[in-house]
Amino acid sequence: MNNPQQSAEPAEFAAFLVQHLGGRAHEQISHEMHRLLGAVAEHGKKGSLTITVTVEPPKGHVDGGPVAIGIESALKAPKASAPPAIYFVDGDGNATRNDPRQTSAGIFRTADGTAEFRAVDATTDYKDA
């Protein structure tokens, strides 16, 4: 078997990528690269774009038969991370914004531990008090 791959110069990969699937693979990867650059600049974190070229031999390994070439890309762009929020854990084990150890306005605890609602006079003029 004569192996031309050992003596010939390799074809330019960039030219192959531009013509693969009529340029659609190159266009998609170019858009993903643009999104990656924008996300890295916006979030100040690293990201990656992985291009995988898969080459499959013909069925039955026919000598000189056509090979199937596929190109896939995987974009891992940084994302904005939501800041953490502070919560309390209530007696039932649920997250709550209100501190369960404190009573809210108008609710008072009696000596036996039960809650009692008392209306608060909102019209109090503190200058006169």
Side-chain angles (χ1 to χ4, degrees):
M1 179 175 130
N2 185 11
N3 191 348
Q5 297 166 348
Q6 292 177 351
S7 61
E9 286 292 316
E12 288 188 29
F13 178 73
F16 166 77
L17 183 61
V18 167
Q19 71 187 65
H20 183 73
L21 295 175
R24 291 191 309 268
H26 177 264
E27 184 178 339
Q28 176 185 343
I29 292 169
S30 295
H31 284 290
E32 289 176 344
M33 181 67 173
H34 187 258
R35 288 183 18 218
L36 175 62
L37 292 170
V40 168
E42 180 180 351
H43 302 295
K45 297 177 185 177
K46 71 178 181 176
S48 66
L49 175 60
T50 304
I51 303 166
T52 304
V53 179
T54 305
V55 181
E56 290 185 49
K59 301 270 191 235
H61 192 62
V62 176
D63 205 20
V67 293
I69 301 176
I71 298 178
E72 294 182 10
S73 59
L75 175 64
K76 292 183 182 176
K79 298 177 184 174
S81 54
I86 304 298
Y87 287 88
F88 296 95
V89 179
D90 65 13
D92 297 326
N94 296 314
T96 178
R97 294 294 220 161
N98 301 320
D99 187 346
R101 300 171 298 174
Q102 294 182 356
T103 57
S104 51
I107 299 177
F108 300 92
R109 300 248 181 237
T110 60
D112 62 0
T114 59
E116 177 183 310
F117 180 77
R118 296 183 196 160
V120 177
D121 184 9
T123 61
T124 304
D125 188 0
Y126 293 102
K127 292 181 183 175
D128 295 335

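The model shown is predicted, which means the values in this text are computed figures rather than measured ones.
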**Student:** In the structure I gave you, are the side-chain heavy atoms of Y87 and R97 within less than 4.5 Å of one another anywhere?
**Tutor:**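 Touching, per the 4.5 Å side-chain cut-off.
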**Student:** Give a yes or no on whether L49 and V53 share a hydrophobic cluster (residues Ile, Leu, Val, Met, Phe, Trp, Tyr; joining criterion: side-chain heavy atoms under 4.5 Å apart).
**Tutor:**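 Yes, one cluster joins them.
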**Student:** With hydrophobic residues grouped by side-chain heavy-atom distances under 4.5 Å, do L21 and V18 end up in a single group?
**Tutor:**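 In one cluster: no.
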**Student:** For the backbone of N94 and the side chain of D92, can you confirm whether one donor and one acceptor N or O come within less than 3.5 Å of each other?
**Tutor:**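 Pair absent, no side-chain N/O of D92 close to backbone of N94.
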**Student:** For a quick test of reading the model, state the closest non-hydrogen atom pair linking I29 to L17 and the distance between them.
**Tutor:**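 Shortest heavy-atom separation between I29 and L17 comes out as CD1-CD1, 4.0 Å.
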**Student:** Can you name the side chain to side chain contact (heavy atoms under 4.5 Å, CB included) partners of K45, sequence neighbours left out?
**Tutor:**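 By the side chain to side chain contact (heavy atoms under 4.5 Å, CB included) rule, K45 matches P78, S81.
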**Student:** Can you name the closest pair of heavy atoms from P58 and V67 and give their distance?
**Tutor:**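 That would be CD-CG1, 4.2 Å.
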**Student:** Any chance you could measure H26, atom NE2, to M33, atom CE, to the nearest 0.5 Å?
**Tutor:**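 It comes to 11.0 Å.
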**Student:** Partners of F16 by side chain to side chain contact (heavy atoms under 4.5 Å, CB included), sequence neighbours excluded?
**Tutor:**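 Applying side chain to side chain contact (heavy atoms under 4.5 Å, CB included) to F16 gives F13, H20, I69, I71.
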**Student:** Q28: which residues meet the side chain to side chain contact (heavy atoms under 4.5 Å, CB included) condition with it, sequence neighbours left out?
**Tutor:**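 Expected list: E32, S73.
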